[in-house]
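Worksheet: one structure, shown below.
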Protein chains: 2
Amino acid sequence: MAKRALIQSLSNVDIRLLRIFMTVTECGGFAASELELDIGRSTISKHVSDLELRIGLKLCNRGPSGFALTAEGEKVLEAAHKLMSSIDGFQSEIDDIHSKLTGTLRIGLFDQSSTNPDARIHDAIRHFDMVAPDVALDIALAPPSTLEARVTDGTMDVAVVPIHRQSSLLSYTPLYLEHMTLYCGEGHALFDAPEELSIADLKLGTQKYAGYAFNSPNMKAGRQLGIKRAAQVQEEEALSLLIQSGRYLGFLADHVAETFLRKGTVRPIAPNHTGYSTTFAAITRKKPEPDRKTLEFMSCLRAAHDEVINRLDVS
Amino acid sequence: MAKRALIQSLSNVDIRLLRIFMTVTECGGFAASELELDIGRSTISKHVSDLELRIGLKLCNRGPSGFALTAEGEKVLEAAHKLMSSIDGFQSEIDDIHSKLTGTLRIGLFDQSSTNPDARIHDAIRHFDMVAPDVALDIALAPPSTLEARVTDGTMDVAVVPIHRQSSLLSYTPLYLEHMTLYCGEGHALFDAPEELSIADLKLGTQKYAGYAFNSPNMKAGRQLGIKRAAQVQEEEALSLLIQSGRYLGFLADHVAETFLRKGTVRPIAPNHTGYSTTFAAITRKKPEPDRKTLEFMSCLRAAHDEVINRLDVS
DNA sequence: TCTAAAGTTTCCTTTTTCTGCAACTATAGA
DNA sequence: TCTATAGTTGCAGAAAAAGGAAACTTTAGA
């Protein structure tokens, strides 16, 4: 049996040989292990010989006289068992990585959007927390343009924003609709105007209008009504403030306005003519592909809004 | 990236793929690792993709925009490092098994014993040389009493001697039996005696007897036959010389006598009544414990005589 | 916009590995 | 001595893996 150096640690093949050797010892002979290994005796013989050559030790005595490990064989067997344990350990580490999502998921939302009854983001979060309890959440509110920028540059994993013009770098998943209506606040010139007045009668062009600073359907809707923006905001909350000041017109989401309507502090302006809807979508970046926890959260988002999407037929 | 189950632990190939992956991360990119790995970029790309497929995780983002491990990639890399350590550990265990044995093994034998067909000392030596090729052998022939003394005082590592009274300082490992029969040489008074003569008729008490100078079953056997020692020797070879002189009776091992019998120069005396068996055993000293190469050689001796021991049921 | 760099993909060749068959040797047991 | 068993060896075909060339895609940066 020539002695050949174990040049560089046992690579590839050797592990298979070790497995074969271990099976053979368990079966107590080559013939006995044929079935177990499902390979012929001659092949087993060659493999064991190869292993002996590789390791440089005679591992077992075999022949018509029986099968028996040599002293070295025993030691090698023991070492092999340890090695296999390590390999199994590696396996389960991989399995862990598979099943366990960790790290921090950075979510971005546009303000007020979470109070929309069609927004089921909280449901998605609840579900996600059950699926991936070890992932920490980092939720930030910011204007859509900021959210888009942060998702694009990877400093945020996912965000829910109103869709306007889509970026080719981002992937959009429509979730729900938000309906906006034009409002004015208590004390505004139009607050007590008769309901029968037509849009033309309202002379909207003479009114101050508060809108979003960022590109959105909001701007378009305002322009269509012939009003010009005299104040711009980043948050819807700021917008409702301006409206309630009684000096500005502005669009509010229905669910946001609801509270104020109940208190009687705002009044919708020609709700059947001035309203418009915005689609809110989850955005992720196309490349590099979002990581697993993000994909998982996306799947939770989709599941949570599945019914909403079907009902509203969001484009 | 299709997800394929890691059916049964990572076999064979995967370790190579892991090594490639590790090198790539060290080099910080595919292109950078081309030289290090000495394989082309396309091949590296394929290997890394294969690994990802195998493990079922995206390990790194790469492209013109740069190379970066994913969160999972980091973890896999760490696990891979641990695995490699285990493999190295296995390596060094293997190395230990054969490289720790060096120096000189001093073996003592009683003369003629090696020609006993049941003595597999040569087999043990052959095996030992495979296991510990770097151990030099120093083999000496000497009378049992000398061998015992030298093993006891540590100037000899192991010896094979006929067992008589066991020393509490030595550890005995029975190896094989040697059967002895009483012989006389050509020209002796009993050489031509009729075979039918009983032991009593032979009047052995009147014959000169040559025996070993050291304590052994030989003495006891002689006494039982009522013959008294008129010559003493240290070596069996000397004994056969005296027997062949035609003046002395003496015990010879069957395998030693065989040659002379074939030449017709000796004749067994009442072989069915005068014979006795001696157990040959390997001796080592109990304290201090024999060193590793000696233990290894003992194990070789045991292995080589395993079959003999089982067959003869040596006490 | 253009270019160079980094990877990917496809397709092919070259190696290596795996395997069984058949003939062989060696041993235990009848 | 003969036979059945256990394993070995040489041979050759099959299968798989490794590897590279070339064309392609994508992206950073000039």
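Proteins get letters first, then strands, A, B, ... in listed order; numbering begins at 1 in each.
Remark: Thr43(A) pairs with Ile39(A), His47(A) by the side-chain contact (heavy atoms from CB on, under 4.5 Å) rule, at least two apart or across chains. Applying the salt bridge (charged side-chain N to carboxylate O under 4.0 Å, His left out) test to Arg267(B) and every residue at least two apart in sequence or in another chain returns nothing. Applying the ring-ring contact (aromatic ring centres under 6.0 Å, His included) criterion to Phe30(A), with sequence neighbours excluded, gives no partner residue. For Thr104(A), the side-chain contact (heavy atoms from CB on, under 4.5 Å) partners are Arg106(A), Ala136(A), Asp138(A), not counting sequence neighbours. With sequence neighbours excluded, the residues satisfying side-chain contact (heavy atoms from CB on, under 4.5 Å) with Asn61(A) are Lys58(A), Thr70(A). Judged as a side-chain contact (heavy atoms from CB on, under 4.5 Å), and not counting sequence neighbours, the contacts of Ala159(B) are Leu147(B), Val151(B), Met156(B), Val161(B), Ile283(B).
For the helix from dT1(C)-dA30(D) to dA30(C)-dT1(D), the end axes, each set by the C1' atoms of five terminal pairs, are bent relative to each other by 30° (nearest 10°).
One can place NZ of Lys46(A) at 15 Å from P of dA12(D), the figure rounded to the nearest angstrom. Distance CZ (Phe67(A)) to P (dG7(D)): 8 Å, rounded to an integer number of Å. Summarising the geometry, the separation between CD1 on Ile20(B) and C1' on dG19(D) is reported as 11 Å, rounded to the nearest angstrom. Distance, Leu51(A) CG to dT8(D) P: 13 Å, rounded to whole Å. Distance Leu53(A) CG to dT17(C) P: 13 Å, rounded to the nearest Å. Rounded to an integer number of Å, the gap from Leu17(B) CG to dA16(D) P is 16 Å. When the P atom of dA17(D) is taken as reference, atom CG of Asp14(B) falls 10 Å away, rounded to whole Å. Regarding Ile15(B), its CD1 atom lies at a distance of 16 Å from the C1' atom of dA17(D), rounded to whole Å.
Residue pairs meeting the salt bridge (Lys or Arg N to Asp or Glu O under 4.0 Å) criterion with at least one partner in residues 26-45 of chain B, sequence neighbours excluded, are Glu34(B)-Arg41(B). Counting only residues at least two apart or in different chains, salt bridge (Lys or Arg N to Asp or Glu O under 4.0 Å) contacts with residues 72-87 of chain B comprise Glu93(A)-Lys82(B), Arg292(A)-Glu72(B). Pairs passing the side chain to side chain donor-acceptor pair (under 3.5 Å) check and including a residue from residues 163-172 of chain A, sequence neighbours excluded, read Glu148(A)-His164(A).
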Each nucleotide in nucleotides 23-30 of chain D should get exactly one letter: B, S or -. Can you fill that in based on protein heavy atoms under 4.0 Å? ---BBS--
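Shown for residues 34-45 of chain A: residues whose heavy atoms fall under 4.0 angstrom of DNA chain D, namely Arg41(A), Ser42(A), Ser45(A).
At the phosphate of dT27(C), neither OP1 nor OP2 sits under 4.0 Å from any side-chain N or O atom of Arg62(A).
Closest contact between the side chain of His47(B) and the listed nucleotides dG7(D), dC18(C), dA18(D) involves dA18(D). Across dA28(C), dA18(D), dC18(C), the shortest atom-to-atom separation from the side chain of Arg16(A) is found for dC18(C).
Taking 4.0 Å as the cut-off between side-chain N and carboxylate O, Arg54(A) and Asp50(A) do not count as a salt-bridged pair. Ion pair Asp123(B)/Arg126(B) flagged as a salt bridge, since at least one NZ, NE, NH1 or NH2 atom sits closer than 4.0 Å to an Asp/Glu carboxylate oxygen.
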